[in-house]
K.L.:
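Please read through the structure below; I'll follow up with questions.
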Amino acid sequence: MAKKKFYITTAIAYPNGRPHMGHALEIIQADALARLYKLFGEDVVFQTGTDEHGMKNWQTAEKEGLSVQDFLDKNVKVFVDLYKILNINYDNFIRTTDKNVHYKGANALWKKLVESGDLYKKKYKGLYCVGCESFKTEKELVDGKCPNHPTREIQVVEEENYFFKLSKYSKKIIEVIKKDEYKVVPETRKNEILSFLKGAKDISFSRPKSSLSWGIPVPDDEDHVMYVWCDALSNYITGAGYGNNEKRLKELWPADIHVIGKDILRFHAAFWPAMLMSAGVGLPKELFVHGFLQLSGMKMGKSTGNVVDPFAQVEKYGIDPFRFYILGAMPIDSDGDYNEEAVIERINNELVANLANFCYRVLSFTNKNLDSRISTIDENKVIDEIKPKFDSVKEQFEKRDFKQAIAEIMEVSALGNRYFQEKEPWKLFKEDEEKAREVLGTCVNIVKCLSILVNPIMPEFSSEIQKQIGVKDLKWKDLDFSLSDCKIGKAKILIKKLENIEIEKVFPLNLKVAQIVKAEEHPEADKLVVLQLDLGEEKRQIVAGIKKNYSVDELVGKKIVVVTNLKPAKLRGIESNGMLLAAVHKDDAIVLEVKDAKPGTQVGFPEYENNTAQIKIDDFAKVKMKVENERAVYDHLVLKAGDEEVIAKGAKDGSKVS
RNA sequence: AGCGGGGUAGGGCAGUCAGGAGUGCCCGUCGGGCUCAUAACCCGAAGGUCGGUAGUUCAAAUCUACCCCCCGCUACCA
């Protein structure tokens, strides 16, 4: 029998829109693992793909005026393009709309579950929200309404669906997860799923064709379509040959690692193993669950045009540095942070200054002063210090802690830098060339080892360094100091320090100075006042909730700050076209004012661009501005109208500005 | 509100599960060294009541209980 291959997968992406940073994160992590196990000498098969059924895809396609298939083809291509740009070395790309491979496999799996007696039909009566297109539980409702669509009525809908006996398997699954036969990494996720499994109920496994037409038909029952579990999760085995290529399946399955995000833990650590058990298929060995990337400083979302686009980021920072940052940004058991200032900092001060510079420094020195030749190396202290690091790096990789693995690698090059400094070869080579050759021999070997260690993270950099040394395709077992009496190639700078990079910072609000020309009490409300404003070029009417704090008379003539890009709304029947800014602390509200600035003057922060796109009230609520010293402060910057600081007179420090 | 994450030096983090002198990393600041290298590298210093209170203990950043504060998600969520 052929040797078992090392099979690693990512979750399949839902190609309903463009790929975002999260997709980049997951595929980079999986790719790094795939490369790691190749270094270890495994025969790796790496699969990714797309999850193409479901109402959302269907609807979005319709909205764009395309046939579903055209829509999907178009979107999937963008994912494939991204993976190419990211230097992702996958072997198989599975699409759930693939009739030859996937449909066959999914059908085979369904039939197996039927044979095991684990699928049964049940009438399901549920509370259905048309807005969400999904069933809600009693608990999720707020005052009997869907929290996301409070204006719509919840309908009681009765459907007949197939159900899968998850409950039958929950005990067994708890066992295998506890024993690490199905290893859930990290620990926190393992605990989480174990507590979920205790109360696991059977799951709905199909949808009537009438409510979900875009999916795989249930075998022998035309009225039903498979729900996402059998349709999507099954990709891991169908792509490996289940139901379509038994020989291949034997080589690949069980999967060695599934890489997924924390949001789909339940499906992979509970539903999926239960399905496999029911079908009599072995379980995957490991489930590696990553957190999310928080896009700090720019988390305003789509409406403000502030989405971080992985394509643009790679373009800006380069593939390897981007991979380096992404992998280094994720703590093993919590969310990571992506912000461009940190990206630049880490690339410049760690990647370039420490590691890349060490490589160049060593190789170019050897080129220039030693005729590119190194000799045998002495037994020496630095080697003893470095050798144990190889195991530490491996250990961290095996824990899937890329962040720590990178930290360990950086220590190797830091040790190299220190050694170079101590030995002062730039002096030594003038007095004792042979001695200098030994020192550089040691250094070149360190560079060689670094090129191996760093390979899963930065494949391009790794192979380029090896090229410069004159070696190729080194594996983990080549981590040694055996390179001697040889000539190296020409040194080149591979990763440059980033300078003059512009980080586009957008302040989500478009603020202007407005003078109150008229103020009246709102006839229908006891908290609101209606203000007529002069904004220089234009007039506006806004409604503000400050009746308790100000009389209408004292408001007239004030020059205040108004949000001008807010979607207009009617408040108790009167249209409000904007919102004034005030410092709010409990029941106090103090209006932000300016003295000299003319009506219509742009208000903002010179460091930020002002967003002009219209935003919704929820987006506005996300803007964190606070009072410090009677000034409005955002990101440590003081809000200004031209040169003039905007004042909230008498406002307490820490008051929210809203 | 529910769920999740967090509060450790001026900023950003690791350390906490298996308690043992505040140990460490990156940036910033200050001082020194080096000049091979991408103004990179090396050495050193200043800077902390480890969110609070109470407890367990010979010993608590770490364990227990209670409390306070921040953030994220319910949405393009991998």
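Nothing here was measured: the structure is a model prediction, and the numbers come from that model.
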K.L.:
With a non-hydrogen cut-off below 4.0 angstrom, is A:K56 in contact with a base, only sugar-phosphate, or nothing?
P.N.:
sugar-phosphate
K.L.:
Would you call A:E433 and A:R437 a salt bridge, taking side-chain N to carboxylate O under 4.0 Å as the test?
P.N.:
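A salt bridge links A:E433 with A:R437.
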K.L.:
Now, which nucleotide makes the Watson-Crick or G-U wobble pair with B:U56, with each of the two distances under 3.5 Å?
P.N.:
none
K.L.:
B:G20 and B:C3: how far apart are their P atoms, nearest whole angstrom?
P.N.:
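Looking at atom P only, B:G20 and B:C3 are 32 Å apart.
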K.L.:
Quick one: does A:I409's side chain get under 4.5 Å of A:L355's, heavy atoms only?
P.N.:
yes
K.L.:
Name the residue closer to the 5' end of RNA chain B, choosing between A:A353 and A:A13 according to the nucleotide with the nearest heavy atom.
P.N.:
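The residue closer to the strand's 5' end, by nearest nucleotide, is A:A353.
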K.L.:
For A:L370 and B:A37, give me the distance from atom CG to atom P, rounded to whole Å.
P.N.:
13 Å
K.L.:
Using whole Å, report how far CG of A:L440 lies from P of B:C41.
P.N.:
18 Å
K.L.:
For the C1' atoms, the ones on B:A46 and on B:C30, what distance do you get once it is rounded to whole angstrom?
P.N.:
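Taking atom C1' in both B:A46 and B:C30, they lie 7 Å apart.
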K.L.:
A:N349 has an atom CG; how far is it from atom C1' of B:C26, in whole Å?
P.N.:
7 Å
K.L.:
Closer than 4.0 Å, any side-chain N/O of A:K497 to the OP1 or OP2 of B:A40?
P.N.:
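For A:K497, the contact criterion (side-chain N or O under 4.0 Å from OP1 or OP2 of B:A40) is met.
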K.L.:
Which whole-number value in Å describes the distance from A:Y360 OH to B:C36 P?
P.N.:
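Roughly 13 Å, once rounded to whole Å.
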K.L.:
Both distances under 3.5 Å, Watson-Crick or G-U wobble: report the partner of B:U62, or none.
P.N.:
none
K.L.:
Given atom CZ of A:R266 and atom P of B:C77, what is their separation to the nearest angstrom?
P.N.:
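Rounded to whole Å, this separation is 18 Å.
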K.L.:
Work out how far the P atom of B:G28 is from that of B:C69, and round it to whole angstrom.
P.N.:
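So the two P atoms sit 35 Å from each other.
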K.L.:
Which part of the nucleic acid, if any, lies within reach of A:I493 when heavy atoms closer than 4.0 Å are counted: base, sugar-phosphate only, or nothing?
P.N.:
base
K.L.:
So if I define the base as every atom that isn't primed, P, OP1 or OP2, how would nucleotides 2-15 of chain B read as a B/S/- string at a heavy-atom cutoff under 4.0 Å?
P.N.:
--SS-------SS-
K.L.:
Sticking with atom P, work out how far B:U16 lies from B:C36, rounded to a whole angstrom.
P.N.:
43 Å
K.L.:
Tell me every residue that passes salt bridge (Lys or Arg N to Asp or Glu O under 4.0 Å) with A:E26, counting only those two or more places apart in sequence or in another chain.
P.N.:
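Testing A:E26 for salt bridge (Lys or Arg N to Asp or Glu O under 4.0 Å), a comparison that skips the adjacent residues, returns none.
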K.L.:
Just name whichever nucleotide pairs with B:A1, Watson-Crick or G-U, keeping both distances under 3.5 Å, else none.
P.N.:
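Here B:A1 is engaged in a pair, and the nucleotide opposite it is B:U74.
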K.L.:
Tell me which of A:H290 and A:V352 sits closer to the 5' end of RNA chain B, going by the nucleotide each one is nearest to.
P.N.:
A:V352
K.L.:
Rounded to whole Å, please give me the gap between CD in A:E408 and P in B:G24.
P.N.:
16 Å
K.L.:
Any base atoms under 4.0 Å from A:I495, or only sugar-phosphate, or nothing? Heavy atoms, all strands.
P.N.:
base
K.L.:
Please list, in numerical order, the residues of residues 411-430 of chain A that have a heavy atom closer than 4.0 Å to any atom of RNA chain B.
P.N.:
A:N417, A:R418, A:F420, A:Q421, A:W426, A:K427
K.L.:
Which nucleotide, if any, forms a Watson-Crick or G-U wobble pair with B:U29, using both distances under 3.5 Å?
P.N.:
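Partner of B:U29: B:A45.
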K.L.:
Can you tell me the distance, in whole Å, between the CZ atom of A:F292 and the C1' atom of B:U74?
P.N.:
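Checked: the CZ to C1' distance equals 11 Å.
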K.L.:
Tell me whether the rings of A:W58 and A:W214 are parallel (<30°), tilted (30 to 60°) or perpendicular (>60°).
P.N.:
tilted
K.L.:
Measure up the A:F93 and A:Y83 rings against each other and bin them: parallel (under 30°), tilted (30 to 60°), perpendicular (over 60°).
P.N.:
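Geometry flag for A:Y83 against A:F93: tilted rings.
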K.L.:
Are A:Y317 and A:E340 linked by a side-chain donor-acceptor pair shorter than 3.5 Å?
P.N.:
yes
K.L.:
Quick one: is the NZ or CZ of A:K262 closer than 6.0 Å to the six-membered ring centre of A:F292, and within 45° of its axis?
P.N.:
yes
K.L.:
Would you say A:K492 places a side-chain N or O within less than 4.0 Å of OP1 or OP2 belonging to B:U38?
P.N.:
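Result: no.
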K.L.:
Which whole-number value in Å describes the distance from A:N357 CG to B:U35 P?
P.N.:
16 Å
K.L.:
Who is the Watson-Crick or G-U wobble partner of B:C36, with both distances under 3.5 Å?
P.N.:
none
K.L.:
Hey, are A:R35 and A:D31 close enough for a salt bridge, meaning a charged N less than 4.0 Å from a carboxylate O?
P.N.:
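A salt bridge links A:R35 with A:D31.
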K.L.:
Is a salt bridge present between A:E460 and A:R323, judged by a nitrogen-to-oxygen distance below 4.0 Å?
P.N.:
no
K.L.:
Take atom P in B:G10 and the same atom in B:U29, then report the distance between them in whole Å.
P.N.:
15 Å
K.L.:
Looking only at the side chains, is there a donor atom on one of A:N235 and A:R95 sitting less than 3.5 Å from an acceptor on the other?
P.N.:
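The criterion, which ignores hydrogens and geometry beyond distance, is not satisfied for A:R95 and A:N235.
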K.L.:
On a whole-Å scale, what distance lies between the C1' atoms belonging to B:A60 and B:U23?
P.N.:
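Nearest-Å result for B:A60 against B:U23 at atom C1': 15 Å.
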K.L.:
Taking the side chain as everything from C-beta on, heavy atoms only, tell me whether A:I193 gets closer than 4.5 Å to A:H268.
P.N.:
no
K.L.:
B:C26 base to A:R346 side chain: any donor-acceptor pair below 3.5 Å?
P.N.:
no
K.L.:
Paired with B:G22 by Watson-Crick or G-U wobble geometry, both distances under 3.5 Å: which nucleotide is it?
P.N.:
none
K.L.:
Do A:R373 and A:D371 sit within salt-bridge range, that is, some charged N less than 4.0 Å from a carboxylate O?
P.N.:
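Counted as a salt bridge, because a side-chain N and a carboxylate O are separated by less than 4.0 Å.
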K.L.:
Contact class for A:A356 (heavy atom, under 4.0 Å): base, sugar-phosphate, or nothing?
P.N.:
base
